[in-house]
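See structure below.
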Number of protein chains: 2
Amino acid sequence: MLRAVLTHPTPAELLAFLREHVHAGGVTLHLAGELEVVYAGRAASMAEAGDRFVIVKADGSLQVHGPRGVKPVNWQPRTDFLQADLEDGCVLLHAERRSPAEVVRVRVLSCALVSALTLTDDALFLLQGTEAQMQEALARHPEVIEPGLTVLDRELLVGVGGLDLYARDAQGRYVIVELKRGKAGHEAVHQLSRYVGAVRPQVPGVVRGILAAPDITTPALRALEAAGLEFRRIEALPQVQEEALQPLLFQ
Amino acid sequence: MLRAVLTHPTPAELLAFLREHVHAGGVTLHLAGELEVVYAGRAASMAEAGDRFVIVKADGSLQVHGPRGVKPVNWQPRTDFLQADLEDGCVLLHAERRSPAEVVRVRVLSCALVSALTLTDDALFLLQGTEAQMQEALARHPEVIEPGLTVLDRELLVGVGGLDLYARDAQGRYVIVELKRGKAGHEAVHQLSRYVGAVRPQVPGVVRGILAAPDITTPALRALEAAGLEFRRIEALPQVQEEALQPLLFQ
DNA sequence: TCATAGATATCGATT
DNA sequence: AATCGATGTCTATGA
């Protein structure tokens, strides 16, 4: 897994190290030191310098981190071109991307540590508690939303975007359900409103719209009610939690 | 800047290393190896294992990276509690956060490389090309949007949310301008539509809504026209670029 | 603290 | 390639 590591290399040593490892298959590079970074792309440009570290992964993604926070100070999700050079006695990392056109240039003023790792590809991976799981749970147990509700379809496409749940209530009225796994805001109300407006002309009778979420912002609730739509608080999904937790036990 | 580095430490050596450096001031840790990660918090929980590396920064932020992508596979933006222990002969990193309650546990099955760096705090930093700059530019030169336009206000609050620009056209009609620095989509149309709807009842006469952006998606343009709103393509902001560059010189 | 909106958002699915 | 929707989005800002 560990291919090589150097502490306090000279620019020439660093350049040789980078050239040896940067384009080798499956290699992740980690370089810490005093760096100058320039980014230009999309609509913004940026310049920045200080104690930083750079990570270059095998897929060509590059990120420059500062002393704080999860978010990199500069990054490039995918590079079409990646090269290391000497310029004015300093190593220069140059990463380019087309479509959108972007450049990140990292000048290494001094390097304290550089390492090359071989990370084998992904391992098993589980995620639960997503909106997809919430949708699955409520499709199976629509009575949590409202007694007498029958689910007709999930992810039904209407114009642009898809309805989370398309159902019929006890009185036979069509019901459109929009799900949010977190607190619902304006955009959820507009989404639901848009779907209801798209379905109404296509079916006879009343079309109800229900926003189902664990919580809703106060202004969003006002907007929802003003639009004649409904909110259902989803407190818990007991069946789902048990089912979903099972895989964890067999880890 | 480089405090310490170890290759292939035993669990006991690794534990001692972590305990020595993890709570020292201004230290960033980098640990690569075979890791098992469990996250639980908010609405989701997740389990995941494989060749990974962990970065713990001085602010307590923790991120676990896999072989691909800029985004970490697991992370914790801020930790209230961070601790390293031995469990079943493996080092276990335990990071907790209250409000929201979240836990990330990293079990180190094997460690190839661990390092401790001291990154001094931030350096100079420049950014340009933001929406705020675009707003400033168009407020000064509203003729780019439309000849005869007079800007009345910027960031005017109406109910919830704020108008980017509030203006009057050559015929004296009120105009609401929504800006996007990139390609405008649905959400920009909904935002503008919401603002226009909020302002209309409060002023006499016609209220126009203009979405000003370098580009717009086809569905968004259809929605915009259906709502009786307008699109203005903003190709370039020549005056702004010069002005915006000035502060750079004095940084 | 809550609510809103921007972001070089990233990422995956689907057309 | 373009577009849309979700994200453990994160982060800044204002009420």
Side-chain angles (χ1 to χ4, degrees), chain A residues 37 39-46 61-64 68-78 97-104 127-135 155 157 159-164 178-188 191 194 215-222, chain B residues 39-46 61 63 68-78 97 99-104 127-135 155 157-164 178-188 190-191 194-195 215-223:
Chain A
V37 186
Y39 163 83
R42 306 198 211 181
S45 65
M46 173 193 257
S61 66
L62 178 148
Q63 47 195 311
V64 184
R68 286 171 299 118
V70 167
K71 197 185 170 187
V73 291
N74 294 87
W75 68 94
Q76 192 83 283
R78 183 176 56 81
R97 175 182 181 183
R98 299 167 191 77
S99 172
E102 289 178 295
V103 184
V104 174
L127 179 63
Q128 52 183 271
T130 61
E131 190 177 284
Q133 286 202 340
M134 185 176 172
Q135 185 189 112
E155 302 276 359
L157 295 177
V160 262
L163 311 180
D164 284 336
E178 170 70 22
L179 305 178
K180 288 293 159 200
R181 54 157 296 287
K183 193 176 237 189
H186 275 134
E187 68 303 330
Q191 227 172 313
R194 188 153 50 90
D215 203 357
I216 185 167
T217 68
T218 313
L221 182 58
R222 279 202 299 269
Chain B
Y39 162 84
R42 308 206 204 174
S45 68
M46 175 194 255
S61 66
Q63 48 194 310
R68 286 172 298 118
V70 167
K71 198 184 172 185
V73 291
N74 294 86
W75 68 95
Q76 193 80 284
R78 182 176 56 81
R97 175 182 182 181
S99 170
E102 289 178 295
V103 184
V104 174
L127 179 63
Q128 55 179 268
T130 61
E131 190 178 285
Q133 285 201 342
M134 185 177 174
Q135 186 190 111
E155 301 279 354
L157 296 176
V158 289
V160 263
L163 312 180
D164 284 337
E178 172 69 24
L179 305 177
K180 288 293 160 201
R181 53 158 292 288
K183 193 176 238 189
H186 274 136
E187 68 303 330
H190 286 300
Q191 228 173 315
R194 188 153 49 89
Y195 294 152
D215 203 358
I216 186 167
T217 68
T218 312
L221 183 57
R222 278 201 301 268

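Below, chains carry the letters A, B, ... as their sequence lines are ordered, and counting in each starts from 1.
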What is the distance, rounded to the nearest whole Å, between atom CD of Q63(B) and atom C1' of dT7(D)?
17 Å
Describe the nucleic acid contact of P77(A) in one word from base, sugar-phosphate, nothing, applying a heavy-atom distance below 4.0 Å.
sugar-phosphate
Please check this pair: side chain of Y195(B) against backbone of G162(B), looking for a donor-acceptor N/O pair closer than 3.5 Å.
yes
To the nearest angstrom, how far is R78(A) atom CZ from dT8(C) atom P?
18 Å
Would you mind reading off the distance between D164(A) atom CG and dA13(C) atom P, rounded to a whole angstrom?
17 Å
Has T217(B) got a side-chain N or O lying under 4.0 Å from the OP1 or OP2 atom of dA2(D)?
no
Is the shortest side-chain N/O distance from H186(A) to OP1 or OP2 of dA3(C) below 4.0 Å?
no
Between dA1(D) and R98(A), is there an OP1 or OP2 to side-chain N/O distance shorter than 4.0 Å?
no
By nearest-nucleotide position on DNA chain C, the 5'-leaning member of G185(A) and V104(A) is G185(A)
Whole-Å distance, Q135(B) CD to dA12(D) C1', equals 15 Å
Considering only dA3(C), dT8(C), dG6(C), which nucleotide approaches the side chain of K180(B) most closely?
dG6(C)
When rounded to whole Å, the CG to P distance for the pair L62(A) and dT10(C) reads 13 Å
Do you know which two heavy atoms are closest between A220(B) and H186(B), and how far apart they sit?
CB-N, 3.8 Å
Expressed in angstrom and rounded to an integer, what is the separation of N74(A) atom CG from dA9(C) atom P?
14 Å
For V70(B) versus P72(A), what's the shortest heavy-atom pair and its separation?
CG1-CG, 4.2 Å
Return yes if some donor-acceptor pair links the side-chain N/O of D164(A) with the main-chain N/O of L179(A) below 3.5 Å, else return no.
yes
Within the structure, does a side-chain N or O atom of W75(A) lie under 4.0 Å from either OP1 or OP2 of dA9(C)?
no
Residue mapping more 5' on DNA chain C - nearest nucleotide basis, Q191(B) or K71(B):
Q191(B)
Can you name the nearest heavy-atom pair linking V104(A) to W75(A), along with the distance?
CG2-O, 3.8 Å
What is the minimum heavy-atom distance between R97(B) and P77(B), and which atoms define it?
NH1-CD, 3.2 Å
Mind calculating the distance between CD (Q133(B)) and P (dG6(C)) to the nearest angstrom?
16 Å
Would you say T130(B) reaches dA7(C)'s phosphate, i.e. side-chain N/O to OP1/OP2 under 4.0 Å?
no
Sugar-phosphate, base or nothing in reach of E131(A), heavy atoms under 4.0 Å:
sugar-phosphate
Check whether any side-chain nitrogen or oxygen of R222(B) sits under 4.0 Å from OP1 or OP2 of dT3(D), and answer yes or no.
no
Phosphate OP1/OP2 of dG5(D) contacted by R194(A) side-chain N/O (<4.0 Å):
yes
Between Y195(B) and dA5(C), is there a contact of a side-chain N or O with OP1 or OP2 at under 4.0 Å?
yes
Within the structure shown, what part of the strands sits under 4.0 Å from E187(B) by heavy-atom distance: base, sugar-phosphate, or nothing?
nothing
By nearest atom, which of the nucleotides dG8(D), dA6(D), dG6(C) is closest to the E178(B) side chain?
dG6(C)
Expressed in angstrom and rounded to an integer, what is the separation of K183(A) atom NZ from dA5(C) atom C1'?
16 Å
